[in-house]
Q: 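Submitted below is the structure of interest, expressed as structure tokens.
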Amino acid sequence: MLKFKLLFCIISLFSISNVQAQNNVFTIKVNEPKSLIQPTMWGVFFEDINMGADGGLYAELVKNRSFEFANPLMGWKEQRQAGSSILIINKNQPNHPNPRFARISNLNVNKPYTLSNEGFRGMGIKQNNGYDFSIWAQLKKGKNCVVTIELVTNTGEKIASSNLTISDTTWKQYNIQFTANATEPKAKLQLSFSGEMVVDVDMISLFPQDTWKKRPKGLRADLVQLLADMKPGFVRFPGGCIVEGRDLVNRYQWKKTVGKIEEREVMINRWNTEFAHRLTPDYYQTFGLGFFEYFQMSEDIGAEPLPILNCGMACQFNTAEVVAAEALDPYIQDALDLIEFANGNTNTKWGKLRADLGHPEPFNLKFLGIGNENWGPQYIERVKVFIKAIKEKYPTIQLINSSGTDDAGERFDYLNTELRKMNADIIDEHYYRDPAWFRQNAKRYDSYNLNGSKVFAGEYAAQSKGIASSENRNNWNCALSEAAFMTGLERNAGVVYMASYAPLFAHVDAWQWTPDLIWMDNLRSYGTPNYYVQKMFSLNKGNQVIPIVSNGNVIAGEDSLYATASIDFKSKELCIKIVNTANKDRTQTLEFSGVKKLAKNATISMLQCNNLLQTNSLDNPTLINPKDSVISVPNKQFTISVPAYSFQVIRVKMMD
Ligand code: AHR
């Protein structure tokens, strides 16, 4: 009997607290505005990892187009006839950015020499789409060389064909356009060189014409569109560890990425060899997506550019090589010159280059990151020299500094303390942690000093299995936990000035790191649930935080609920974001104080899924995506439903 009574009490207590939680009111205090939300609050992080640039965003279809990979014929396959051959020749000129070319000899007048390129895990070809083929060539022997250009499917069917004649005896670029008559996700490019001749060839290239903004030899339109749809506040570029390089020779150098395509030096991609379990021997950087294209894309999508530059230190997970502090000048000069390239008058050296490339107007660069995941006193020693030199010449540029690789611990504490002592503008924090960490850290910034250095949550993503584990999935649990955490970023917009999920892109056949925000194959792409979380925060960020409280407290995990609210000045709407990470549907009363009247309707954008392990995929790209609805608003207090495992944004207009 006693046992039964005890059980009854427990059940009653549980029910009472359950009912109390159900009846809880969220109060939105419209007339108590807090911090302004920076236009840069939600941005994107781009790095050439997972074939994000070459093989991804950069729409070039030919892999190893200039024979500069360590194995010069990697990606190419010959069909050699008797009397034909290929020779890779090195021009052997000091510091030549593109030293190699191929010499093709064919002494068999009846049969061509055939060379085919496999593309990046095949070439994605679309029916009725136009293609731009180009080749640099010089005829060394014979009257001419006829090149037949064909696109061939996996099963050997020819789906496009054209030809051109090489007759010049000096280097010249030949261009031809053709249309494909079928769609094929894994086509190859086949070139047949006919005639009794010797010809030199280089920079063999094929681009689709349906690039972003139809720019010749440009970027993949579907991928840029996914970014544009997010309306990101900034684009961080080019990374990531790629900034640092495994060693200093292989660091990212922006000056090598601008100007003529054929003069951009190809370099091994650090992710080629980084993970033994995900080796990618054919991963190189052509820099076809270089700093000019990056600035241009950022401008196209209305995002602030946010370049991160090497600070004189190679990746500390690899060689940890540093430049002597007295020898930092060239690195600092690179930073100063990048600002001039972006913003300088067209009569300056680098401003003129920007104008020559077709953009006389400045790109209005406002932010610059010095170092990626660098740490230790060696970083502080170097970054101080950068800050002094840059601030002297460009005092208004906001500088971003690294707090290392983790959200806490010795490295973080040291850097965070030192940088704050130096009054650093913005400190870049990274956290790749499990979903629970994200839910538990929704109050992380509540205790940060509003008057100190600002924070850039520069790389973060919930890891379903473990950091950089190949079993990580972009599942709903991760996305929902990130949404919970992000309410804390928005609530603390006076401290957190910018945030970006990382990494951005991954090719399903060529990735090294998972999870990633957007996945693609050669023809298709999709946003993960995490993408939709980012997009909903970004599209509904508002301009100023207002308090949303439950019993006077911020809503950051109690009863598995998380919430934040803001005002959108332009539309005069209140944007309320609510996350429920519990397996329990509930209703929630919203009460608005400090506002005269609300519109009769509110819109709701809802992300919800009962299965925390659910993901989106190429075949089911929008399984988890926001569903919109309208509810009526009877007065300044109304009830909404808050389903289990949901993230929703409620927008309601204030009426005078
Ligand atoms: O986003 C992938 C990698 O994670 C980045 O290159 C690096 O900065 C971090 O360690």
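As the structure lists them, so they are numbered: ligands from 1, and atoms in each ligand from 1. Keep in mind it's a predicted model, so treat the numbers as computed, not measured.
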Q: If you measure from atom 1 (O) of ligand 1 to every heavy atom of Tyr432, Trp513, Tyr460, Phe317, which option wins on shortest distance?
A: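 Ranked by closest heavy atom to atom 1 (O) of ligand 1, first place is Tyr432.
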
Q: Decide side chain to side chain donor-acceptor pair (under 3.5 Å) for Tyr526 and Asn620; before the verdict, give the C-alpha distance in whole Å, the side-chain angles of both, and the deciding distance to 0.1 Å.
A: CA-CA 9 Å; Tyr526 74 92; Asn620 211 339; over 6 Å; no

Q: To the nearest 0.1 Å, how far is atom 6 (O) of ligand 1 from its closest protein heavy atom, and which atom is that?
A: Glu47 OE1, 2.6 Å

Q: Report yes or no: does a heavy atom of Trp271 sit under 4.0 Å from some atom of ligand 1?
A: yes

Q: Name the one of Trp254, Phe45, Tyr294 that satisfies ring-ring contact (aromatic ring centres under 6.0 Å, His included) with Phe237?
A: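 One option only clears the test, and that one is Tyr294.
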
Q: In this structure, which one of Tyr501, Trp42, Tyr531 forms a ring-ring contact (aromatic ring centres under 6.0 Å, His included) with Phe537?
A: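 Among Tyr501, Trp42, Tyr531, the one meeting ring-ring contact (aromatic ring centres under 6.0 Å, His included) with Phe537 is Trp42.
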
Q: Nearest to atom 9 (C) of ligand 1, what protein heavy atom do you find, and at what distance?
A: Glu459 OE1, 3.0 Å

Q: As a test of understanding, state which of Phe234, Phe367, Tyr445 forms a ring-ring contact (aromatic ring centres under 6.0 Å, His included) with Phe456.
A: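 Exactly one option meets the ring-ring contact (aromatic ring centres under 6.0 Å, His included) with Phe456, and it is Phe234.
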
Q: Asn372 heavy atoms, cut-off 4.0 Å: which ligand 1 atoms fall inside?
A: 7 (C), 8 (O)

Q: With heavy atoms of Gly240 as the reference, note each atom of ligand 1 found under 4.0 Å away.
A: 5 (C), 6 (O), 8 (O)

Q: Considering the heavy atoms of Glu373, write down every atom of ligand 1 situated less than 4.0 Å from one of them.
A: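 Matching atoms, with element in brackets: 7 (C), 8 (O), 9 (C), 10 (O).
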
Q: Do we see a donor-acceptor contact under 3.5 Å between the side chains of Glu373 and His430?
A: yes

Q: Is it true that Thr405 lies under 4.0 Å from ligand 1, counting heavy atoms only?
A: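 Not so, Thr405 does not reach ligand 1.
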
Q: For Pro503, counting its heavy atoms only, list the atoms of ligand 1 lying under 4.0 Å from any of them.
A: 1 (O), 2 (C)

Q: Would you kindly say whether Glu274 and Trp513 are connected by a side-chain donor-acceptor distance under 3.5 Å?
A: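 No, because no side-chain N or O of Glu274 sits under 3.5 Å from a partner of the opposite role on Trp513.
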
Q: Supply the atom-to-atom distance Arg246 CZ to Asn269 CG, rounded to the nearest 0.5 angstrom.
A: 10.5 Å

